[in-house]
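Note that ligands are numbered from 1 as they come in the structure, with each ligand's atoms numbered from 1 the same way. A quick note: this is a predicted structure, and the numbers were derived from the prediction, not measured.
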Amino acid sequence: MIEKVITRFAPSPTGLLHVGNIRTALFNYLFSLKDSGKFILRIDDTDSERSTEEFTNQILLDLEWLGIKIDETYKQSDRLEIYTKYFQKLVDDGLVYKCFETAEELDIKRKRLVARRMPPVYDRSSLYLSESEIKNYIHDGRQPYWRFKLSGKRTNFEDLIRGDVSVDTSAQSDPVIVRADGGFLYNLPSVIDDIEMSITNIIRGEDHVTNSGIQVEMFQALGKKAPIFGHHPLLVDENGEPFSKRNSAASIKGLMEENYEPMAINSLNVSIGTSIEIKTFKSLNDIADKIDMGQVARAPARFSINQLSRLNSDILTQLDIRIISERLKGDGIMFDEGIWNVIKSNIKNISEYKDWDKIIKGSIKVDNLDGSFMKLAENLLPPEPWGDGTWGDWIARIKESSDKTGKDLFLPLRRAITGLSNGPELKNIILLMGYDKIKDRLSGK
Ligand code: GLU
């Protein structure tokens, strides 16, 4: 029987998801969608101090908004009994060991090694403690924590993106898997869940390559085969800096609040640094059959907000009028198709409709107008009824009566009429505003 693809996205709810996190979610989702498989959301909340309910809820909202459909959701904090059972097996098999060093003691050891230009790998001194030494520590009130014993060899695995990967576990400290307070750290619960949830493919950022080497040994220790990995390069911003949970500039929540179109984010996110054409796709289903992890570039992919705005604007011009009207109604704005048609190819974001509604129908204040030029333009304004030729007639009259041309002519008019130095074509805008309103604007009212 050919097994169906089962992927998972496993965020820690310790901050807002950003476009880089979403790249991982999208790759996993699309990879399973292509195979009509299953996509699991696993909330990695074993770090109870930093994980919050609020971030968990926001993750759910973000994914829903982006159109990522979750087949099953799990929270690690609900699954501690399962982890304990597996952990006990590792204890029984002698594959984990108690440790007693304090954080300060470990720090001293680490610094000594660094000073001698040696890799700061834990020296396993606790592994060699005798029973009586362990008893003494416990008698002195020290609570043990547990480390997983690495093989000290190289672990090799095949990676969908990077090809053959080899991690030298002798260059790694035996990872702490259970803290002195009994809490589990990331590596082991992740492996246990991947086993329990029959995950076939783990696609995640390349910052996890070393973890994967370690986890392959944990799968083996638990008698299981590791899923197939795919480590993608991390997304970076326009300055080449990685996105971080602490910097919310490109958070999904922020982009949602700024009214970006989810499919603009999705389309850009998976097409940069892959073989997929950079354009707007209508739905995630449309992208799924194009996804090919073997074609993900090894260099970091750059996510640019300008590029996002371009795709966003592209989607806006194609959006159904009814959808736009509904969305604006939700924000308490009355939709006017005339305004929309004039501005749609000039705006990057639907929220700009509101600004144009105010410019065209409401009142704005514009300072520093060239009074005498405005007076001249006002006097030459053609009488109504206005039509397609009105703008051309008006400009021809102004040119006849002044020496202004080009930018010197158009920019002051644009500023007076809209308060801005760029925007949709004035020949269309004036028709929406009418004689009286244009006259008022020119006279600074
Ligand atoms: N909680 C981990 C993270 O957010 C999950 C990594 C993984 O196993 O995919 O980096």
Side-chain angles (χ1 to χ4, degrees), residues 5-32 38-53 55-56 58-60 62-63 68 70 72-80 82-83 86 148 155 157 159-162 165 167 172 175-177 179 183-219 222 224 226-235 242-248 250-252 293 296:
V5 165
I6 306 178
T7 60
R8 79 329 185 253
F9 174 49
S12 307
T14 54
L16 294 174
L17 292 185
H18 53 66
V19 287
N21 304 126
I22 281 302
R23 183 165 163 92
T24 305
L26 282 168
F27 278 152
N28 281 289
Y29 177 62
L30 294 168
F31 192 79
S32 65
K38 199 154 78 170
F39 174 72
I40 292 176
L41 172 67
R42 187 185 85 203
I43 302 290
D44 280 5
D45 59 349
T46 50
D47 181 349
S48 57
E49 264 168 38
R50 291 170 57 228
S51 301
T52 74
E53 203 55 35
F55 285 132
T56 300
Q58 189 61 46
I59 290 169
L60 291 165
D62 291 350
L63 296 181
I68 296 177
I70 303 162
E72 290 166 19
T73 304
Y74 299 92
K75 258 169 131 177
Q76 289 198 319
S77 56
D78 294 338
R79 301 170 57 78
L80 301 179
I82 302 174
Y83 308 146
Y86 276 85
F148 175 80
T155 31
F157 57 88
D159 189 295
L160 293 172
I161 300 167
R162 301 162 70 90
V165 175
V167 175
Q172 304 302 320
V176 176
I177 51 171
R179 289 190 309 245
F184 286 95
L185 289 168
Y186 160 72
N187 271 311
L188 184 62
S190 179
V191 167
I192 295 170
D193 282 338
D194 292 334
I195 292 172
E196 287 274 309
M197 294 166 196
S198 309
I199 300 299
T200 59
N201 296 81
I202 298 177
I203 300 169
R204 57 189 175 193
E206 63 184 11
D207 51 334
H208 280 290
V209 169
T210 306
N211 277 336
S212 297
I214 290 171
Q215 290 182 345
V216 166
E217 294 206 348
M218 291 184 174
F219 280 103
L222 294 168
K224 302 285 174 189
I228 297 168
F229 293 98
H231 294 92
H232 60 82
L234 297 184
L235 212 57
F243 292 97
S244 110
K245 284 187 176 167
R246 279 163 289 280
N247 154 15
S248 61
S251 73
I252 302 304
M293 298 318 291
V296 174

Trainee: Is there a polar contact, in the sense of an N or O pair closer than 3.5 Å, between Ile202 and ligand 1?
Mentor: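 N/O-N/O distance below 3.5 Å does not exist for this pair.
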Trainee: Parallel, tilted or perpendicular, judged at 30° and 60°: which one describes the rings of His232 and Phe27?
Mentor: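 His232 vs Phe27 ring planes: perpendicular.
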Trainee: Which ligand 1 atoms does Tyr186 reach within 4.0 Å, using its non-hydrogen atoms?
Mentor: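 What qualifies from ligand 1 is 2 (C), 5 (C), 6 (C), 7 (C), 8 (O).
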Trainee: Supply the atom-to-atom distance Ile195 CD1 to Met218 CE, rounded to the nearest 0.5 angstrom.
Mentor: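 These two atoms lie 10.5 Å from each other.
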Trainee: Provide the number and element of each atom of ligand 1 under 4.0 Å from a heavy atom of Ser12.
Mentor: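 Once the distances to Ser12 are compared, the set is 1 (N), 4 (O).
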Trainee: I'd like to know if the side chain of Tyr186 pairs up with that of Asp47 as donor and acceptor (distance under 3.5 Å, no hydrogens or angles considered).
Mentor: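 Looking only at side-chain atoms, Asp47 and Tyr186 do not form any donor-acceptor pair under 3.5 Å.
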Trainee: Any side-chain donor paired with an acceptor under 3.5 Å for His18 and Ser244?
Mentor: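 Side-chain D/A pair, His18 to Ser244: absent.
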Trainee: Could you tell me whether ligand 1 has any atom less than 4.0 Å away from a heavy atom of Phe9?
Mentor: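 Phe9 does not count as a contact of ligand 1 under the 4.0 Å cut-off.
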Trainee: Give a yes-or-no answer on whether the side chains of Glu196 and Tyr86 include a donor-acceptor pair shorter than 3.5 Å.
Mentor: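 Glu196 vs Tyr86: donor-acceptor pair found between side chains.
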Trainee: Return the option from Arg204, Arg42, Gln76, His208 holding the heavy atom at the smallest distance from atom 10 (O) of ligand 1.
Mentor: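 Residue with the shortest heavy-atom distance to the ligand atom: His208.
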Trainee: For the residue pair Tyr29 and Phe39, does the interplanar ring angle fall in the parallel (under 30°), tilted (30 to 60°) or perpendicular (over 60°) class?
Mentor: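 The arrangement is perpendicular - the two ring planes meet at more than 60°.
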Trainee: Which atoms of ligand 1 are found less than 4.0 Å from any heavy atom of Ser190?
Mentor: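 Here the atoms of ligand 1 in question are 8 (O).
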Trainee: So which protein heavy atom does atom 9 (O) of ligand 1 come closest to, and at what separation?
Mentor: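 Scanning the protein heavy atoms, the shortest distance from atom 9 (O) of ligand 1 goes to Arg8 NH1, 2.6 Å.
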Trainee: Donor-acceptor check, side chain of Ser51 to backbone of Ser48, threshold 3.5 angstrom: yes or no?
Mentor: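 Not at all, since once roles are kept as given, no pair shorter than 3.5 Å links the two residues.
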Trainee: Give the residue and atom name of whichever protein heavy atom lies nearest to atom 5 (C) of ligand 1, and the separation in Å to one decimal.
Mentor: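 Of every protein heavy atom, Ala10 O, 3.1 Å lies nearest to atom 5 (C) of ligand 1.
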Trainee: Using a strict cut-off of 4.0 Å, indicate which atoms of ligand 1 neighbour a heavy atom of Asp44.
Mentor: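 Taking each heavy atom of Asp44 in turn, ligand 1 has 1 (N), 2 (C), 5 (C) under 4.0 Å.
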